[in-house]
Amino acid sequence: MVRRIISENYVKSRVPKGFNLEAARMVQRRLASMVVTMPLTQSVDLITGIDVAYRGNYAYAVAATYSMRLNHIIEYGCYEGEVTFPYVPTLLSFRELSPMIKAFMRLKERPHVVLIDGHGVAHPYRLGIAAHFGVVMGLPTIGVAKSLLYGEVKESLIIDPSNGEVIGGVVKCGRHEVYVSVGNMITLDNALTLVSRLCLRDRMPEPILHAHTMANKVKHNGCVNALA
DNA sequence: GCGACAG
DNA sequence: ATCTTGTCGC
């Protein structure tokens with residue numbers, strides 16, 4: 001059994017000087033209260049995966065839209081720019097939500113669901129980056145992470161140690177396992193089913209895998225050249 | 001008491 | 001996440 005909680009003192013020590021952590025937590029709590037759990041309404045075909053690569057203080061974000069009907073990527077959205085906030089566990093949104101949104105906004109077509117590299121509500125304040133993105137954009141989102149940030153895993157389910165609630169699940173993606181949680185406007189069952197169905201290769205579902213590969217390509221050639 | 005820590 | 005060579009396997 002895997003168990004994991006976060007040290008607030010550690011977080012406090014890594015946050016930039018002058019950053020109001022208490023205010024940030026209040027914002028997270030408020031946005032978390034806006035997360036909607038509901039079954040998907042329309043049938044799903046277009047699924048966008050988003051991932052970000054880094055080089056120093058520069059972020060290279062890519063949104064890749066995958067068609068389940070056509071079995072391939074139909075469109076990429078890209079953004080490159082400097083980031084100012086450091087990586088601090090539980091505050092990932094403050095670092096890469098903006099680059100992700102900017103890459104996503106460059107897509108011409110709106111997807112039915114968005115898959116994000118990171119957690120959804122499986123977060124100490126119930127607002128991982130996938131949930132944050134989902135609430136801000138008003139779209140169905142799913143968090144898919146390669147490692148656990150918060151919670152206890154019991155029988156392939158992620159449990160919140162503070163209240164026993166189910167906040168996510170574990171899915172086998174090829175040889176590895178990924179941690180899946182609701183981002184917004186979807187149910188955990190829908191999320192688990194969808195991610196399993198998209199794990200065609202290893203380690204990550206197709207949309208995120210393509211976003212990851214392209215993000216690294218963009219890191220070396222730039223948005224314009226990589227997507228040309 | 002110390003440490004745990006998405007990308 | 002990123003810094004990095006060669007090497008194992010399909």
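In what follows, chains are A, B, ... by sequence order, proteins preceding strands, each numbered from 1. Every heavy atom of this structure was used, including side-chain atoms; hydrogens, water molecules and symmetry mates were not. No experiment lies behind these values; they were computed from the predicted model shown.
Atom CZ in A/Arg14 sits about 11 Å away from atom C1' in B/dG7, given to the nearest Å. Atom CD1 in A/Ile116 sits about 13 Å away from atom C1' in B/dG7, given to the nearest Å. A/Glu8 has its CD atom 17 Å from the P atom of B/dG3, to the nearest Å. Regarding A/Phe94, its CZ atom lies at a distance of 15 Å from the C1' atom of B/dG7, rounded to whole Å. Between the CZ atom of A/Arg95 and the C1' atom of B/dA6 there is a distance of 12 Å, rounded to whole Å. Spacing between atom OH of A/Tyr54 and atom P of B/dG7 amounts to 11 Å, rounded to whole angstrom units. We find that NE2 of A/His119 is positioned 10 Å from C1' of B/dC5, with the value rounded to whole Å.
Ring planes of A/Phe85 and A/Phe94: tilted class, angle from 30 to 60°. Classified by interplanar angle (parallel below 30°, tilted 30° to 60°, perpendicular above 60°), the ring pair A/Tyr179/A/His119 is tilted.
As judged by a 4.0 angstrom heavy-atom cut-off over every strand, A/Ala122 is placed among residues making no nucleic acid contact. Heavy atoms of A/Leu91 sit under 4.0 angstrom from at least one base atom.
At least one side-chain heavy atom of A/Val35 sits less than 4.5 Å from a side-chain heavy atom of A/Val121. Side-chain atoms of A/Ile50 and A/Leu115, non-hydrogen and from C-beta on, never get closer than 4.5 Å to each other.
Interface limits on DNA chain C: the 5'-most and 3'-most nucleotides within less than 4.0 Å of chain A heavy atoms are C/dA1 to C/dT2.
A/His112 places a side-chain N or O within donor-acceptor distance of the main-chain N or O of A/Leu46, the cut-off being under 3.5 Å. Remark: side-chain polar atoms of A/Asp202 are paired, donor with acceptor, to backbone N or O of A/Arg175 under 3.5 angstrom. Although no hydrogens or angles enter the test, the distance criterion places a donor-acceptor pair under 3.5 Å between the side chain of A/Gln28 and the main chain of A/Thr90. In this structure a side-chain-to-backbone donor-acceptor pair under 3.5 Å is present from A/Ser13 to A/Tyr10. Checking side-chain atoms of A/Thr193 against main-chain N and O of A/Asn190 turns up no donor-acceptor pair under 3.5 Å.
Using a 4.0 Å cut-off on heavy atoms, none of the residues of residues 78-85 of chain A approach DNA chain B. Residues from residues 125-142 of chain A placing a heavy atom under 4.0 Å of any atom in DNA chain B, listed by number, are A/Gly128, A/Ile129. Within residues 188-204 of chain A, no residue has any heavy atom closer than 4.0 Å to DNA chain B.
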- [ ] May I have the step-by-step check of side-chain hydrogen bond (donor to acceptor under 3.5 Å, both in side chains) for A/Asn184 and A/Thr141, ending in yes or no?
- [x] CA-CA 5 Å; A/Asn184 190 37; A/Thr141 61; 5.7 Å; no

- [ ] Take A/Ser162 and A/Asp160 through the side-chain hydrogen bond (donor to acceptor under 3.5 Å, both in side chains) test and state the conclusion after the steps.
- [x] CA-CA 5 Å; A/Ser162 70; A/Asp160 187 332; 2.7 Å; yes

Open item on the list: Pair A/Arg25, A/Glu8 - check salt bridge (charged side-chain N to carboxylate O under 4.0 Å, His left out), show working.
Closed with: CA-CA 11 Å; A/Arg25 294 312 191 192; A/Glu8 192 69 352; 3.0 Å; yes

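Put simply, A/Tyr87 rests on the base of B/dG7: the two rings are less than 5.5 Å apart at their centres and nearly parallel, under 30°.
Put simply, A/Lys146 has a side-chain N or O that comes within less than 4.0 Å of OP1 or OP2 on B/dG7. Of the side-chain N and O atoms in A/Ser147, one or more sit less than 4.0 angstrom from OP1 or OP2 of B/dG7.
For the residue pair A/Tyr60 / A/Arg55, a side-chain donor-acceptor distance below 3.5 Å is found, with atom types taken as modelled. At a cut-off of 3.5 Å, with distance as the only test, no side-chain donor of A/Thr187 or A/Thr37 sits close to an acceptor on the other residue.
Note on A/Arg201 versus A/Glu206: salt bridge recorded, some NZ/NE/NH1/NH2 to OD/OE distance being below 4.0 Å. No salt bridge links A/Lys219 with A/Glu80; every basic N to acidic carboxylate O contact stays at or beyond 4.0 Å.
In this structure, A/Met34 is not a member of the same hydrophobic cluster as A/Met185, with clusters built from ILVMFWY side-chain heavy atoms closer than 4.5 Å.
Aromatic rings from A/Tyr54 and A/Tyr87 are positioned such that their centres are separated by 6.0 Å or more.
Of the listed nucleotides (B/dG7, B/dC5, B/dA6), B/dA6 has the atom at the smallest distance from the side chain of A/His123.
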Task: Under the 3.5 Å Watson-Crick or G-U criterion, the dot-bracket string of DNA chain B, with | for inter-strand pairs - done: .......

TODO: Go ahead and write out DNA chain C as dot-bracket, 5' to 3': ( ) for pairs within the strand, [ ] for ones crossing earlier pairs, | when the partner sits on another strand, dots for unpaired; Watson-Crick or G-U wobble, both distances under 3.5 Å.
DONE: ..........

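Of the inter-residue distances, the one linking A/Ser43 atom OG with A/Arg69 atom CZ reads 10.5 Å to the nearest 0.5 angstrom.
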